[in-house]
Visitor: 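Take a look at this one; I'll ask things after.
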Amino acid sequence: MKKKQRLTGAERRIQLMEIGRSVFASKGYEATSIEEVAQQAGVSKPIVYEHFGAKEGLYAAIVDRELEDLVARVSTSIAQGTPRQRFEDAVLAFMAYVKEEPAGFAVLTRDSPTAAARRGLTRVIDDLAQRVSDVFRSEFERAGYPPKVAPIYANALVGMVTQVGHWWAAEGKAFSTENVARHVAALGWMGLRHLPKDPAAPGAKREPRRRS
């Protein structure tokens, strides 16, 4: 009988994260136990503790890896092309992640540990917007807009796309991700295309244009 090959430390860590991701996605943080993760991995609980310290450590490692994957996809998509192409590609990259990594997206959009006091969906918006804000800032500066307001638009656009992804995963699969991405990109792009450099308050009087 062939002896089962023993996993290296790195391989075991990846295995535990894959299993943990599946369990967290289906049950949520509170209902997930280290015992179940260990049992599915075929190891003892101390092995899981050795790699991650506690359940929250395992959860944090999984969330960080998913965020890195999501941010890498979006960042790559906005690296080249016209402004509109980059925006549309970013939305499509996000929707592709939702479709291809349903367990990962489920972890990100379910409740996070109570100690964090924030929902996973909120963390996605915060972290993703923060990591791509430099791209927004440079584009704003290049277009003549005040770069300090870039985080406002980064959070607004990422929040919009994240919520649409959450809706698609729950009940919108009758639409293809490509179709959804085109609609979301069109909405966002029209807003950016006509973005005033200094938005006036509703009802505020605008200075009359000077005739040349």
Side-chain angles (χ1 to χ4, degrees), residues 2-77 90-131 158-159 161-178 180-181:
K2 189 176 180 180
K3 190 176 180 180
K4 189 176 180 180
Q5 185 177 4
R6 185 174 181 179
L7 298 180
T8 65
E11 290 170 338
R12 179 66 71 190
R13 182 179 177 87
I14 292 173
Q15 180 208 29
L16 293 173
M17 290 176 69
E18 288 294 327
I19 292 173
R21 183 176 74 158
S22 176
V23 179
F24 281 127
S26 62
K27 293 190 171 184
Y29 179 82
E30 294 299 334
T32 296
S33 67
I34 289 297
E35 289 87 346
E36 182 172 1
V37 174
Q39 183 178 23
Q40 290 195 26
V43 299
S44 62
K45 288 195 298 181
I47 296 295
V48 183
Y49 291 130
E50 179 183 338
H51 282 278
F52 302 100
K55 183 172 75 169
E56 188 169 345
L58 173 60
Y59 176 88
I62 293 169
V63 168
D64 285 344
R65 187 181 68 170
E66 295 306 315
L67 282 173
E68 289 295 338
D69 182 15
L70 181 52
V71 170
R73 289 170 182 248
V74 174
S75 298
T76 300
S77 68
V91 177
L92 185 56
F94 191 101
M95 293 303 301
Y97 169 81
V98 176
K99 179 181 179 180
E100 295 167 8
E101 302 294 343
F105 189 68
V107 169
L108 294 178
T109 53
R110 295 200 66 152
D111 290 344
S112 59
T114 54
R118 294 194 302 169
R119 290 195 72 244
L121 185 58
T122 302
R123 182 177 177 186
V124 173
I125 296 172
D126 290 349
D127 288 5
L128 188 57
Q130 183 178 359
R131 297 189 197 193
V158 171
V161 178
T162 303
Q163 183 58 35
V164 171
H166 183 59
W167 165 81
W168 182 87
E171 55 184 282
K173 292 183 180 179
F175 300 93
S176 69
T177 53
E178 292 81 5
V180 172

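Any value given below was found using the heavy atoms of this structure, including those in side chains, with hydrogens, waters and symmetry copies removed.
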Visitor: I need the minimum non-hydrogen distance between Tyr29 and Lys55, along with the two atoms involved.
Guide: O-NZ, 3.0 Å
Visitor: Salt-bridged, Glu18 to Arg65, with N to O below 4.0 Å?
Guide: yes
Visitor: Give the minimum heavy-atom separation between Arg13 and Ala61, together with the two atoms involved.
Guide: NH2-CB, 4.0 Å
Visitor: Cut-off 3.5 Å, no hydrogens considered: what does the side-chain donor-acceptor table look like for residues 34-50, sequence neighbours left out?
Guide:
{"residue": "Glu35", "atom": "OE2", "partner": "Lys45", "partner atom": "NZ", "Å": "3.1"}
{"residue": "Glu36", "atom": "OE1", "partner": "Lys27", "partner atom": "NZ", "Å": "2.7"}
{"residue": "Glu36", "atom": "OE2", "partner": "Lys27", "partner atom": "NZ", "Å": "3.3"}
{"residue": "Glu36", "atom": "OE2", "partner": "Gln40", "partner atom": "NE2", "Å": "3.4"}

Visitor: For Val98, enumerate each residue passing the side chain to side chain contact (heavy atoms under 4.5 Å, CB included) test, keeping only those at least two apart in sequence or located in another chain.
Guide: Phe94, Phe105, Trp168, Ala169
Visitor: Considering residues at least two apart in sequence or located in another chain, which fulfil the salt bridge (charged side-chain N to carboxylate O under 4.0 Å, His left out) criterion with Lys173?
Guide: none
Visitor: Which heavy atom of Leu108 sits nearest a heavy atom of Tyr97, and at what distance?
Guide: CD1-OH, 3.6 Å
Visitor: Output all residues satisfying side chain to side chain donor-acceptor pair (under 3.5 Å) with Arg12, sequence neighbours left out; order by chain, then residue number.
Guide: Gln15
Visitor: Who passes side chain to side chain donor-acceptor pair (under 3.5 Å) against Glu101, sequence neighbours left out?
Guide: Arg21
Visitor: Kindly write out the residues that satisfy side chain to side chain contact (heavy atoms under 4.5 Å, CB included) with Ser26, not counting sequence neighbours, or none if the list is empty.
Guide: none
Visitor: Testing the basics here: between Met17 and Ile62, what is the closest heavy-atom pair and its distance to 0.1 Å?
Guide: O-CD1, 3.6 Å
